[in-house]
Protein chains: 2
Amino acid sequence: MEITSINQEKTQSNFLKTMFENLKVKFKDTKKIGEDDPRRILHSIKVGFALTLVSLFYYFRPLYDGFGQAGMWAILTVVVVFEFSVGGTISKSLNRGGATLLAGALGVGAEYLANLCGERGEPIVLGIFVFILAAVSTYTRFIPKVKRRYDYGVLIFILTFSLVAVSGARISEIMELAHQRLSTILIGGATCVLVSLCIYPVWAGLDLHDLIASNILQLSASLQGKYMDKPYLQIHKSVLNSKATEESLANFAWWEPSHGRFKLNHPWKLYLNVGGIVRQCACHIEILSGCITNSKIQVVSEFEQKIQPSCVKMSMECGKALKEVSTAMKNMSIPSSSVALHLINSKAAADELKNIMEKFSSSPNEADLQQIMPTLVVASILIDIIEFVEKIVVSVNELAEKAGFKQTQLLHRGIVKPVNNDDDDQLVIEIVEMKKPIGVRT
Amino acid sequence: MEITSINQEKTQSNFLKTMFENLKVKFKDTKKIGEDDPRRILHSIKVGFALTLVSLFYYFRPLYDGFGQAGMWAILTVVVVFEFSVGGTISKSLNRGGATLLAGALGVGAEYLANLCGERGEPIVLGIFVFILAAVSTYTRFIPKVKRRYDYGVLIFILTFSLVAVSGARISEIMELAHQRLSTILIGGATCVLVSLCIYPVWAGLDLHDLIASNILQLSASLQGKYMDKPYLQIHKSVLNSKATEESLANFAWWEPSHGRFKLNHPWKLYLNVGGIVRQCACHIEILSGCITNSKIQVVSEFEQKIQPSCVKMSMECGKALKEVSTAMKNMSIPSSSVALHLINSKAAADELKNIMEKFSSSPNEADLQQIMPTLVVASILIDIIEFVEKIVVSVNELAEKAGFKQTQLLHRGIVKPVNNDDDDQLVIEIVEMKKPIGVRT
C-alpha cells in the first residue's frame, strides 16, 4: 500500500513538473514574441488605452444621455478598426465611415420606396432590396482591386444598409439614429487614428521599406563570404516567402499620410517590383546552396582549383553590391557608384572564368565531365545571379529616382579595387566620371 | 462658331465613346471573375439569401418584440461570419459564439466586482479591467497559433467584454441582455452554417486537396513534353506563390466536419508538407526555364546531340511520374506502382547521361567548356529535379497512407517500358512484385 501511495505521489509530482515545464516553455515563447518586436507590446497597450478611453466616454452619464444605445458603436469601432499600422487603422476607419454614410443614405431611400408599397408590400420590397444589395456587394468583394482596398468597407456597407432598411421600419426616428451612429463611429474612428498616429506610430510604409532593404541584405549575406559556409546560405528562406507580407504592407502604406521622408505619393508599387526580383534572385541562391551542400566530392580537381577564385570573386562582389544597395536604401539615398564598380568587378570575374574555361578546353587534358559538372553548375548559376543583382540595382535606382532619394557623395573612391589590375586607373577614372548610378535611364 | 460646336460635339462623343469602352472592359473583367469560378456567384447569392432570411426574421413584429434591439446582432453576425468556405463560416461562427459566452460571463463578474467598490470606484475599476483585458488579449493575437485559429474569437472577446462591463452599469437587466444577444448570435450563426452547408457547400479541405493536386499537375506539364516549349514552362509561376492560399485553406479545413471521403481527422498538415516540396521543385523548374530561354546558341554541338535524348527522357519521365501522382491524388487513391517505374526510368536516363559524359571525357576531343556549359547545367538541374520528384512521391504516399486513400489496381503494367532495353523483363517483374508504392516506410 505504502509503495502505491509513494508511486502515486511520484506520478503526481512528475505530472505537476511536466505541466510546470510546459507552462514555462509557453511563457517563454510568448515573451519572445514581444522581445522580437517590442512594438507589439506597445500596440497592445495602445489598444487597451483607446478602448478604455472610449468606454469611459460611454460610461459617463452626460455622453450616454446624448448618444443612447448608439454609444456602443464607438466601442465596436475601436475594437474592429484598430490595426497594428497607421495605414491599416486609417484604411479601416475611412472604409467604415464612408460605407456607413453611403449605406445609410441608400437605406433611407430603400425605406422610403418600400413605404410607398403599402403595409403588405413593404417587407417584400425590403427583402428584395436587401437580397440584391447583399449579393451584388458580396460579388464585388471578389474583384482584386476592391478586395485590396475596400473589402472592409463593402462589409460595413452591407451591414449598415440591412440594419437601416430593416430597423427603420420600426424606429421611425431613422434620421436621428443615423446621426447618432455616425457621430459615435466618428468618435471611435478618430480615437483610433489619433492614438495610432500620436503614440509611437507604426508606419506600414516604413516597414515595407525596411523589409525590402533587409531582404536585399540577406541575399548579400548569403553571397558574401558565406559562399562556402552552409548555415548562412539558409538565411534567404524567409525572403522567398515574403510576398504576402509585402503586398499587405504596400496596401496599408497607400493610406498613410506623409511621414518622415515618405511623401503622400511615394511609389509603393515599385517596392513590390524590387521585391519580386529579390525573390527570383533568392530562388537562384536556393539552388546554389543546394549544389554546394550536395557536392560531396572531397578531391578538388585541377579545374576546380583554377576556377574557384573567380567563383568566390563573383559571389563576393555581387554580395558587396547588394550590401551597398541595401545600405543606401536604408538611408534613403541613391546607391553610390561603387555599386557599379562591384558589378563591373563581378563581371570581370565572370569574363576571367570564361577565359580559364577556354584555355582549359583548348589545352590537352582529361577533363572528367562528371567530376567538374557540379563546379560548372555553381559557376553558371553565379553568372545568372550577376544578372539578377544587376536587375535589382536597376529597379532600386528606378525606385530611388521616383521616390526622390538624396544623392550621396562617392565615399568609396579608391578603396574598392577592380579585379583587372592591368587597366586599374582607366577603370577608376571611368567610375569617378560617372555622375548617375548605372541603370538610371536619362 | 459652327466648327467649334461640331468640334465640341466630336469631343463629347469621343469622351462618351471612351467612357463606354472603359465600362465595357470593366464589365467584362467583372464577368470573368464569375466565369473563372462560378462558385463565387453562388456564394454571393447565398449571402444575400441568408441575410434576407435573418432580416425578415427581425422585421416581423413577434420576433422583434421578443428580442428588441438585440435582433440587429443576428444581421451583424450573418454579415461578418459568412465566409466563402464551410470551414471559414464554421470557424467564425464558433469563435463568435464561444467568445461571446466567455466574455459575457467575465463581464458580469467584472461588473459585480466593480459594484463592490462604490459609486466612485466603479468607473476606475471598470476602466482598469477593460484596459488590462484589451491589452493582454490584443497581445495574444500575435501568438501564431492563436492568430491562425482564434483571431476573430479574441476580437469578439474584447468587444463583448467591454460592452457588457460598461453597459451593464446602465441597463441592470444584464442577464436578460446576455440571453438576448446569445440567442440572436445563435440564430445568425446557425443560419450561416446551415445555408453554407446545405446549398452547394464549398469545402476548404477539398479546395486544398485539389490545389495541391493541380500544382503537381502543373509541374508535370512544365516538365513533360514541354521541355523545349517556352510558353509552357511559365505555368508553374502560380505554384511558387500558393503558400499563403494553402495555409489559409488548411486552417479552414481543420474546422470542417467529415465530408465526402475526408474524415474529421484528415491529415491537413501533410498537404502543407507536400506543397512545400512542390514549391521547391517549381523553383528548380524556374531556373531550368531560365537556362533554356537564355541559351541562344543555335549550333547544336556534338556533345549536346549526344546527351539531349537522356535529358528529354529524364524530363519526360519525371513529368509522367508527377502526372500519375496528381491523378491518383485527385481520385484519392494511392499512387500506382507505375510511378516507381517512371522514377526508375528517369534514374536510368540519368545513369545513361553519366555514361555518355564518361565516354565523352575519356575519348580525345576538343570539348569547348563554354559551349557545353548551358547543356551541362540543364542536365544537372534535371538530375536534381528527379530527387525532388522522388520527395514529392514519398510525401504524397505518406499523405495517402495517413489519409486512408484507397489502393488502385496496376493499370499500366506492360504499357510503360523502361529505358534500359537489356533488362526489360527483369525490371517489369520487379515492379509487379512490389505491393507497396515506393517511399512508404513499413
Side-chain angles (χ1 to χ4, degrees), chain A residues 30 33-34 40-41 43-45 47-49 51-52 55-56 58-59 64 69 72 75-76 79-80 123 126-127 130-132 134-136 138-139 142-143 155 158-159 162-163 166-167 169-170 241 243-244 283-284 286-287 290 354 357-358 360-361 366-370 373-374 376-377 380 384, chain B residues 30 33-34 40-41 43-45 47-49 51-52 55-56 58-59 64 69 72 75-76 79-80 123 126-127 130-132 134-136 138-139 142-143 155 158-159 162-163 166-167 169-170 241 243-244 283-284 286-287 290 354 357-358 360-361 366-370 373-374 376-377 380 384:
Chain A
T30 313
I33 291 167
R40 289 171 177 162
I41 301 171
H43 171 70
S44 308
I45 295 172
V47 172
F49 177 68
L51 196 60
T52 314
S55 293
L56 290 181
Y58 171 51
Y59 182 86
Y64 173 68
Q69 264 271 325
M72 68 167 222
I75 293 179
L76 205 150
V79 173
V80 181
L126 278 180
V130 168
F131 177 79
I132 291 175
V136 171
T138 303
Y139 186 74
F142 289 113
I143 301 171
L155 208 72
I158 303 174
L159 173 64
S162 312
L163 284 181
V166 179
S167 76
R170 297 288 128 207
N241 295 324
K243 188 172 192 262
C283 198
H284 278 79
E286 166 115 340
I287 308 281
K354 283 172 194 161
M357 287 203 290
E358 221 161 85
F360 192 80
S361 309
E366 298 158 29
D368 182 353
L369 278 184
Q370 240 184 296
M373 191 160 85
L376 273 179
V377 173
S380 161
D384 283 351
Chain B
T30 312
I33 290 167
R40 288 171 178 160
I41 301 172
H43 171 69
S44 308
I45 294 172
V47 172
F49 176 68
L51 196 60
T52 312
S55 293
L56 291 182
Y58 172 50
Y59 182 85
Y64 174 66
Q69 265 271 324
M72 69 168 221
I75 295 179
L76 206 147
V79 173
V80 181
L126 278 179
V130 168
F131 176 79
I132 291 176
V136 171
T138 305
Y139 186 75
F142 289 113
I143 301 171
L155 208 74
I158 304 174
L159 173 65
S162 313
L163 284 181
V166 177
S167 77
R170 296 289 131 207
N241 294 325
K243 189 174 193 266
C283 198
H284 277 79
E286 165 115 343
I287 309 281
K354 282 172 194 162
M357 287 203 289
E358 221 162 85
F360 193 80
S361 307
E366 297 159 30
D368 183 353
L369 277 184
Q370 243 183 292
M373 192 160 82
L376 274 180
V377 172
S380 162
D384 284 350

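Chain letters run A, B, ... following the sequence lines, proteins first and then strands; every chain starts at 1.
Options B/Ile33, B/Ile41, B/Leu376 differ in how many heavy-atom pairs under 4.5 Å they form with chain A, and the most are formed by B/Ile33. Annotation: maximal heavy-atom pairing with chain B below 4.5 Å, among A/Ala135, A/Ser380, A/Gly127, occurs at A/Ala135. Taking B/Ala134, B/Ser162, B/Ala244 one by one and counting their heavy-atom pairs under 4.5 Å with chain A, the maximum is reached by B/Ser162. Comparing B/Leu159, B/Ile143, B/Val130 by how many heavy-atom pairs each has under 4.5 Å with chain A, the most go to B/Leu159. The choice from B/Val377, B/Ile132, B/Val136 that makes the most heavy-atom pairs within less than 4.5 Å of chain A is B/Val377. Interface summary for chain A: among B/Ser55, B/Gly34, B/Pro123, the most heavy-atom pairs under 4.5 angstrom belong to B/Pro123.
For the atom pair A/Leu163 CG and B/Leu76 CG, the distance stands at 6.5 Å (nearest 0.5 Å). To the nearest 0.5 Å, atoms CD1 (B/Ile75) and CD1 (A/Ile158) are separated by 12.5 Å.
Contact annotation for B/Lys354: both backbone and side-chain heavy atoms come within less than 4.5 Å of a heavy atom of chain A.
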Item checked: Audit row: B/Tyr139, A/Ile45, side-chain contact (heavy atoms from CB on, under 4.5 Å) steps and yes/no -> CA-CA 9 Å; B/Tyr139 186 75; A/Ile45 295 172; over 6 Å; no

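Across every non-hydrogen atom of A/Phe142 and B/His43, the tightest pair is CZ-CD2, 3.7 Å.
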